Every structure is written in structure tokens, then in C-alpha cells.
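Since we're looking at a predicted model, the values are computed, not measured.
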Amino acid sequence: MASAVVAGVKRRHTLGLTVDERQPYRVSSDLKPSKRLCQHGLSPREGRRGVSLPNTTSNTPPRSSSETPFEPDASIMLIGIRGSGKSTLAIIASTAMKRRIIDLDKSFQDVTGLSTVAYKRAHGAIEYRRQQYRILETVLANHERDYIIVSSWMEPGLHGLLERFAALHPVVHITRDPEAIQQYLKVGDSGKIRELMNYTASAFRAVANFEFFNVSERCSRLGDSAGTDSRQSTVRGDGPTSPAPYLTLKRAERHFLKFLSLIMPARSIPFIESAFPLASIPTETRQFTYAVSVPLSRLLADEWETEDIETGADAIEVVIDDAFASGRDVVSGNSQLSPERASRISRALGAVRRNVVIPIIYHVPWPTTSTVDDAQRAAYVEHIYHGLLLCPEYLTVDLRLDDRVLQRIMELRRTSKIIGVVHFGTSFGPPSWADPIWMSYYRRAQSISCDLVKLTRPAISMEDNFEISMLRCSVVGAEPPRIPLIAYNTGLRGRHSACLNKILTSVLPESLLGSGSRQGHDASSYTTPSITSLEATMALRSSFATDDALKLYVVGANCQHSLSPAMHNTAIRALGMGHVYKPYSTSSLGDIRDLIHDTSFAGASVGLPFKVEVISLTHSLSTHAKAIGAVNTLIPVRHLNPDGSIPDDALLSNARNSAGPVLALYGENTDWIGIRACIRRGLSPANAVRSSTAGLVIGAGGMARAAVYSMLQLGVQNIVVYNRSPGNAQKLVSHFERLLSRNDIPLLSKVDGGETRFHIQQSRSDPWPEHLRQPTIVVSCIPSQQQAGDQPPPNFTLPTAWMGSPTGGVVVDFSYGVLDTLLILQTRAEAHRGWVVMDSLDLLPEQGFAQFELFTGRRAPRRLMRAEVLKSSPDEDRSYPLQPRLDSITEQEP
């Protein structure tokens with residue numbers, strides 16, 4: 001199967017994007033030839049600027065400061081070498097943020113009537129630089145808000161303007177792998193490409209305050225068959241290659257928008273928020289969380305698997321383990337981080353972030369030498385400053401740095417949470433935990449406003465594991481502010497205290513257990529963790545810190561063939577918990593009363609026909625379940641607030657894995673979370689939700705309510721409902737119109753100035769409403785066993801007139817147990833037009849991730865659960881093999 005790297009910046013036909021000039025992402029310029037810039041000369045200082053660039057990265061701190069946060073509507077500037085994908089990322093950002101794009105090259109041509117290359121050839125380099133300066137100055141002055149500005153200009157004479165702009169605006173350096181740049185620029189000499197990239201990276205980093213590595217995605221061309229059915233190869237996950245061409249940018253879209261959400265104020269990007277329960281709970285507030293430690297050297301050698309580092313992890317700790325390694329091109333002659341080295345770090349962090357949804361910890365270990373010289377200290381600080389450009393969720397800073405440097409780092413952290421760290425190695429003769437030096441470091445972390453503090457040392461004897469309680473008691477009695485403490489012993493003898501540490505214990509990926517290989521380098525204090533998250537969880541059970549076997553159920557009228565037990569039990573075993581998840585079929589809801597009052601009851605998934613009736617058993621509902629009017633998840637509550645109310649989500653998650661009397665039942669609905677996730681996974685960037693987007697819901701039952709709710713949570717403002725009985729469709733519409741009029745829907749984001757409009761299709765033969773665009777989101781809520789009655793029949797297909805979207809769309813069909821419905825087959829047949837189908841094997845794990853988090857308080861091992869659902873699906877449920885979908889698990893959206 002031939003493949004192609006999507007390196008294109010201008011090649012929109014390759015990207016599968018259709019540019020609609022009515023949409024806000026169109027490239028624009030206010031610099032028309034009729035409005036030429038007034039003539040003004042350069043300042044003497046700028047006139048003296050040379051054109052040479054340094055050969056190494058200066059890596060001065062990023063220009064902006066957290067003391068001057070960006071305004072929500074501050075324009076964003078994307079800079080970088082040609083071929084890095086700036087224009088594609090600009091389209092993604094402008095669509096999501098409802099902004100327009102200014103391309104400086106286009107602005108230059110609008111003003112001068114010539115391209116930059118032609119103008120320079122005609123007027124000379126000096127006049128060209130003057131014109132560049134004038135145009136950039138005007139663009140930055142006139143487009144400070146609500147724009148995405150794209151530039152490949154790197155001339156030193158422009159740096160002053162860019163630095164001033166970066167003080168109040170994000171200036172993001174977009175970088176990419178040399179192979180993609182080489183392919184785009186059509187340069188045969190790879191050595192020259194690397195020299196060019198190092199040269200330009202130095203220039204762009206001199207003015208940028210952030211850096212984003214644009215990971216190249218590979219995809220099949222639609223016309224390639226390679227001995228297989230080419231139509232099959234374009235179906236998401238069902239063909240030999242995934243993703244399909246029109247979904248190639250899905251992970252890039254999620255990756256870049258996630259990055260922007262970290263650098264911009266909250267709610268700057270509508271509907272980017274995750275709906276999964278633990279996403280809104282800070283990791284450091286939960287108990288017994290783990291950071292899977294992955295050395296940079298392994299990432300650069302591509303010796304890692306996403307599932308391996310994701311399973312059991314609450315965060316990924318990227319360790320710059322070779323920052324002080326000898327014989328490496330790490331530090332140049334003037335003690336600065338080389339541009340190539342910096343790019344490798346960006347590439348590694350970008351690859352991890354592209355593949356996971358959990359937070360990243362950027363950790364540079366302190367040198368191990370007894371005295372740290374100026375060169376080592378400078379190298380450490382340069383690595384920290386580069387880490388700040390990458391905007392990790394957490395960044396460690398050694399508390400032995402001087403006050404001035406620490407304060408500067410704190411000013412530049414933006415949304416990154418700072419973990420103040422100190423680790424004493426064996427060569428230092430580590431102080432006892434009773435030594436007051438540990439509390440002095442804790443108070444130092446308090447004084448500079450660290451978000452967390454991490455203090456570790458190797459265990460010399462088993463007694464060291466008990467001494468650590470002395471430090472914890474001192475911290476409890478310390479003056480506020482109270483900072484979450486991470487404290488444990490390292491090494492094999494320190495595993496006891498590592499297990500009992502409650503916050504972000506560094507753990508080893510399961511695949512490296514027993515490998516015997518030291519992953520760190522002698523020049524740094526990085527010590528390979530001696531325990532995995534699985535071992536830590538099992539040790540907690542063995543020491544009676546958590547209860548062993550709690551009971552979980554899937555309850556419904558016909559649950560014996562449910563795939564949920566296999567999915568949840570696989571995840572439970574992978575994380576080392578002792579819970580058991582079982583099916584429980586019953587014709588009467590009253591039969592489950594004994595289950596829910598069992599002191600070992602841990603929760604239940606609720607299936608048909610009890611999703612509405614089960615509300616009568618609950619004491620409290622989530623705001624989402626109230627809005628939908630149905631519950632598919634029961635959570636036992638064993639601790640109540642003093643006033644008798646149920647604790648918030650954070651307290652619920654910390655009390656998940658304990659037995660005891662059930663004092664109340666909490667009802668939640670995760671169906672809408674699963675539907676929303678499937679829509680987001682299957683909707684190509686070309687069909688990103690806009691004010692004109694139309695969604696179609698087929699059915700009017702409880703699942704249809706969840707489908708409408710999920711569309712509202714995605715910002716869809718035009719929702720069409722079709723049901724065999726228009727009267728019931730009207731009831732559904734009236735329900736949500738009433739909630740919207742009362743502002744009773746807890747929207748993740750608000751639609752500014754938008755109004756949600758509903759339309760009911762009376763008949764399948766009706767034409768699509770003329771005032772609406774063709775639907776790009778279709779959710780079929782027809783139960784597979786339904787043969788007649790109110791709902792459309794399971795042999796339902798979409799009229800051709802309803803599938804007229806020129807860019808295709810996504811169809812979500814969750815007919816459980818039937819993977820070959822006529823609607824699924826119809827959508828698969830239209831895959832060449834951009835239509836993507838998401839079936840019940842997609843929906844089940846997506847909503848299951850949310851349930852798993854609610855049941856256990858732990859992050860769901862997503863790829864593992866998806867794979868188990870596919871493996872457990874009976875062969876007779878479909879007419880095509882699932883192995884290709886299994887093979888492409890790592891390529892799917894995290």
C-alpha cells in the first residue's frame with residue numbers, strides 16, 4: 001500500500017479540506033494595493049541590523065510572562081520554516097476559534113504586487129527588508145485581536161517587532177521532522193536540509209514564546225489498492241491502512257487545539273473541553289496516582305509503545321535523561337542547547353502528546369557531580385527554558401537553583417504547573433528524612449509559589465521507608481500555603497515508601513520490568529523507577545490500604561452477551577485491582593436492590609429497558625443525567641457531606657475503591673460522552689463544527705436524547721430529528737427547547753450570539769430542509785432488536801437527498817450486536833466521498849472509559865479496552881474482519 005506524508009501547507013486537495021470563503025478560516029488581508037503603506041524609513045538601529053544568524057540556539061527565556069496573561073481574543077502568530085504545516089494548523093485554529101487568517105506572504109504580494117522572491121530580485125535585498133519591516137509593523141498593529149497570523153519571515157531586522165508582539169500575544173514556532181520538510185521543499189541533500197533547519201530554528205526561537213512540533217501523519221491514497229479492495233482501504237479502521245485520507249489530520253487537529261488550550265485562557269477555544277469525568281479533576285488532588293517515566297533516550301530511539309506507557313498512568317514523565325551525557329551534541333561551546341538537540345526534544349514530546357490524553361511532566365534531572373559547575377548549570381537552565389516553550393502540563397525545577405533563575409522560571413510558566421524537586425543520590429550521602437534540610441526545601445518551594453514539591457532520596461535500609469513519615473508530619477504542621485507533597489525513597493529498598501506515596505509516584509512501564517537495564521545516564525541524577533503502577537496497586541491491596549474485590553455489574557433485560565464485562569475486567573486486571581465486573585440480566589428493576597445494598601457494591605452499568613426507571617433508585621443525579629432524563633451509570637456513595645449532600649467529583653473519585661455501607665446512589669449518564677467522542681473521532685477537519693453545521697438524529701427515545709445532548713455539547717446549532725412518529729419527535733424537541741430557554745443545560749462551552757434551531761422531518765420522503773446545509777453528523781438511535789413500533793425499523797437507510805454533503809460526514813450507528821445494519825453498509829459504500837461510520841464497537845469503549853473512571857477513580861487504559869472489545873466481538877456479528885481495526889489501534893484518536 002503506497003503511502004504519502006501529508007507535509008502540505010498549500011496542498012488542500014491532499015488534506016481533504018474544502019475552503020468555503022463564507023467561513024471564518026479564509027485567508028484575508030486588509031493591505032490592498034489601493035491602501036499602500038505610508039513611506040517611512042527604518043530606524044538607525046534597524047538599519048544597522050545584519051543578516052547573519054547564530055549557529056546555535058540562544059534559548060533566551062520566552063518573551064511573555066504569566067504576570068501578563070494573554071487576552072482571550074489575542075491574535076496568535078504561527079512562525080516557522082516553509083513546509084512545517086503552519087497554514088494547515090492556522091486553518092484548524094481559525095475554524096475552532098472563529099478567527100480569520102493573515103498570511104504575511106499574501107499581504108506582501110497584495111501591497112507590492114510581487115511575491116517576496118520576485119520583489120527581492122527586482123529591488124534588491126535592502127529595499128526588500130525595508131518593505132518587509134513596514135508590512136509586518138502594519139499587520140501586527142492592525143490585527144492584534146481575533147486573527148491567526150502566519151509567517152515564514154526570519155530576518156533579524158524583524159526581531160524587535162516580533163519580540164514586542166510576543167509580550168502580549170502567543171508567537172508559536174512550528175517545527176517538523178526534516179524528512180517532511182525535505183519532501184515539501186524538494187531538496188535532495190538531507191544534510192543541507194538539516195543545516196537549514198538548525199539555522200532557521202535559531203532565528204525563530206529567538207522571538208517565539210512557544211514551540212509546537214507538528215508530527216507528520218502517513219495515510220493511504222484513495223486510489224491505491226496494492227492488491228486489496230481500494231474501497232475497503234478508505235474505511236476508518238476497517239481496511240488495511242488507517243486512518244483514511246480525510247481523517248489524516250484528526251490527530252493533528254486534536255493535538256494542536258489541545259496545545260492552544262494550554263497557552264490561551266480558559267474557554268478561548270469553544271467546545272475543546274474534555275467530557276470525561278477525571279479530566280476536570282487535577283491529578284494532584286487524587287490519591288495514588290502514577291507518572292510513567294519514559295527517558296528521552298528511549299523516545300528518540302523509538303523504543304516505546306503507546307499502550308505500554310498509557311496503561312496505569314495518570315501522567316507521562318518525559319525525562320531528559322542525557323542532558324549532561326558526555327560525547328553527545330547536547331551543549332555547544334558557549335554552554336547553550338544546540339538547535340538540533342532542542343528540536344529532538346520537541347519531536348519526542350510532540351510524539352507523546354499526539355498519542356495520549358493524560359498530562360505530561362517535563363523533567364530534567366540535576367547533575368550527579370558533587371559540585372555543579374557553571375556549564376552544567378547553564379545546560380540545565382537551557383533545557384528548562386526549552387521545556388517552557390513546549391508548555392507541558394507539569395514541569396520540574398530543581399530547588400537548588402538560585403533565586404533569580406527560579407523566579408524567572410515561575411514568571412514564564414503560563415499554565416504549566418511547577419514541581420519543585422530535590423533528589424539526593426548515593427554519592428552525596430543522602431540526609432536522613434529527619435534532617436531539617438528537607439523542610440527548608442519545602443519552605444523554599446512555598447516561597448516561590450511552586451504547585452507541588454517532590455523530595456526523594458535512595459533508601460539505604462528498610463528503616464528509611466518509615467522515617468519518611470516524619471517529613472510528612474512536619475509538612476502537615478507547616479505554615480500555609482499547603483503544597484501537595486511527593487516524597488518517597490528510590491531504589492529497590494525504597495519500593496515500600498513509593499507504594500504508599502499518594503501523588504504522582506514515578507513508575508516503570510510494564511514492558512521494562514525485570515529488564516535489568518539502567519535507563520538513566522551517570523551524568524544526571526535520573527534513577528530508573530523500581531516499581532510499576534501494577535505492582536504498586538497490588539502492593540496497596542496486599543497491605544490492606546485498599547479493598548480487594550469489589551463488585552461491578554452491567555444490568556439489563558438481556559446482558560448475557562454484553563461485551564462490557566470483558567472490556568472492564570481486562571482494564572481492571574491491567575491496573576492491578578481486584579474488582580470483578582459481571583452481567584446481571586433481569587426483567588424487573590426490583591431484583592437489583594440486593595446488589596446495590598451489598599457492602600462490596602462498586603457500581604453498575606444500566607442497559608435497556610431500565611435507563612429511565614432506575615432514576616427512582618437514585619438519591620442524586622448529575623446535571624447531565626437530569627438534562628437527558630436517563631441514567632446509564634450507578635455509583636455508590638459511602639461518605640456524605642455534613643449536610644447530607646453528596647461530595648463533589650474529586651471526593652467521589654478518592655473514595656471509589658473502598659467497601660462499606662451504601663448511603664446513597666448517584667446517577668450519571670455516559671452515553672452522551674461516548675456519542676460525543678465518536679462524533680469527534682469521525683468528523684474530519686473539513687467538517688469541523690461551525691454555526692452552519694447541521695446534525696441529524698434518527699429516533700426519539702432515551703438514546704436520541706443523549707444524541708441531541710451530545711450535539712449541543714459540540715456546538716451544533718441546527719439539529720434535525722426524524723422518527724416514525726413525528727409526535728414523539730416533537731416531545732423530544734420540546735424537551736430541549738424548554739431546557740435551553742431556562743438555561744438548564746450545563747454546556748461545556750457557550751455559543752456566542754448563537755441560537756439553537758430544531759427541525760422535525762415528517763417523512764423519509766421529505767427533501768432536506770432548504771434553509772439548512774446538508775448534515776455532516778448523523779446519529780442513528782435505532783435498537784437492533786426493534787422490529788416495529790414507534791422507532792424507525794433497523795433496516796433504515798438514509799435517503800440519498802440527506803447525504804448530499806460534498807465533504808461527507810460521520811454516521812454513528814450503535815445497534816448493539818449488529819455490525820452490518822443497512823445504514824452501516826450504506827455509509828461504508830460512501831466512504832470514498834468522505835463518509836465515516838462509527839459503530840457499537842466504537843461507542844461501547846468510549847462511554848466505557850467514562851464509566852471506568854467513575855467506578856474506579858483511575859484513568860481508563862483506552863487502547864487496551866478498545867482492543868478487548870474488538871477481540872471479544874463474535875464473528876457472526878459482521879461480514880468483515882476486525883483484525884485491521886485491531887492492527888490500527890495505535891493510530892486511532894487517544
Is it true that Glu253 and Lys258 make a salt bridge, defined as a side-chain N closer than 4.0 Å to a carboxylate O?
no
Is it true that Glu211 and Arg205 have a side-chain N and a carboxylate O under 4.0 angstrom from each other?
yes
[atom1]-[atom2] distance between [X] and [Y], expressed to the nearest 0.5 angstrom:
X: Ile149; Y: Leu104; atom1: CD1; atom2: CG; result: 7.0 Å
X: Ile135; Y: Thr112; atom1: CD1; atom2: OG1; result: 6.0 Å
X: Lys98; Y: Arg690; atom1: NZ; atom2: CZ; result: 8.0 Å
X: Leu140; Y: Leu161; atom1: CG; atom2: CG; result: 6.5 Å
X: Ile76; Y: Leu89; atom1: CD1; atom2: CG; result: 11.5 Å
X: Tyr119; Y: Gln131; atom1: OH; atom2: CD; result: 4.0 Å

Ignoring hydrogens and geometry, is there a side-chain-to-backbone donor-acceptor pair from [X] to [Y] under 3.5 Å?
X: Lys250; Y: Gly682; result: no
X: His255; Y: Arg251; result: no
X: His169; Y: Glu144; result: yes
X: Asn718; Y: Arg773; result: no
X: Thr415; Y: Leu262; result: yes
X: Glu393; Y: Ile360; result: yes
X: Asn209; Y: Pro170; result: no
X: Arg354; Y: Arg254; result: no

Check: [Y] and [X] side chains under 4.5 Å, non-hydrogen atoms:
X: Glu137; Y: Tyr133; result: yes
X: Leu78; Y: Phe212; result: no
X: Lys86; Y: Asp103; result: no
X: Ile320; Y: Tyr362; result: yes
X: Phe213; Y: Asp177; result: yes
X: Arg413; Y: Asp451; result: yes
X: Leu349; Y: His386; result: no
X: Val207; Y: Leu158; result: no

Identify whether NZ of Lys or CZ of Arg in Arg414 sits under 6.0 Å from the centre of the six-membered ring of Phe210 and within 45° of that ring's axis.
no
Minimum heavy-atom distance between [X] and [Y], given as atom pair plus value:
X: Leu714; Y: Val689; value: O-CG1, 3.5 Å
X: Arg859; Y: Ala313; value: CB-O, 3.6 Å
X: Gly387; Y: Pro392; value: O-CD, 3.1 Å
X: Glu846; Y: Cys678; value: CG-SG, 4.0 Å
X: Ser268; Y: Met97; value: O-CE, 3.9 Å
X: Ser75; Y: Asp146; value: OG-N, 3.5 Å

Once you measure the plane-to-plane angle for Tyr147 and His143, does it fall in the parallel (<30°), tilted (30-60°) or perpendicular (>60°) bin?
perpendicular
Give a yes-or-no answer on whether the side chains of Ser84 and Asn214 include a donor-acceptor pair shorter than 3.5 Å.
no
Cut-off 3.5 Å, side chains only: do Tyr199 and Glu195 have a donor facing an acceptor?
no
Given the rule in the side chain to side chain contact (heavy atoms under 4.5 Å, CB included) test, do Val171 and Leu162 qualify, once you have shown the distances and angles that lead to the verdict?
CA-CA 8 Å; Val171 177; Leu162 294 172; 5.6 Å; no
Run the side chain to side chain contact (heavy atoms under 4.5 Å, CB included) check on Ile358 and Thr283 step by step: do they pass?
CA-CA 10 Å; Ile358 54 182; Thr283 306; over 6 Å; no
Does the pair Arg267 and Glu273 meet the rule for a side chain to side chain contact (heavy atoms under 4.5 Å, CB included), with working shown?
CA-CA 8 Å; Arg267 301 190 180 278; Glu273 294 85 2; 3.9 Å; yes
Test salt bridge (charged side-chain N to carboxylate O under 4.0 Å, His left out) on Arg134 and Glu127; report intermediate values, then the result.
CA-CA 11 Å; Arg134 296 174 189 132; Glu127 181 58 30; 3.4 Å; yes
Can you check side chain to side chain contact (heavy atoms under 4.5 Å, CB included) on Ile79 and Trp153, steps first, answer last?
CA-CA 8 Å; Ile79 62 175; Trp153 298 355; over 6 Å; no
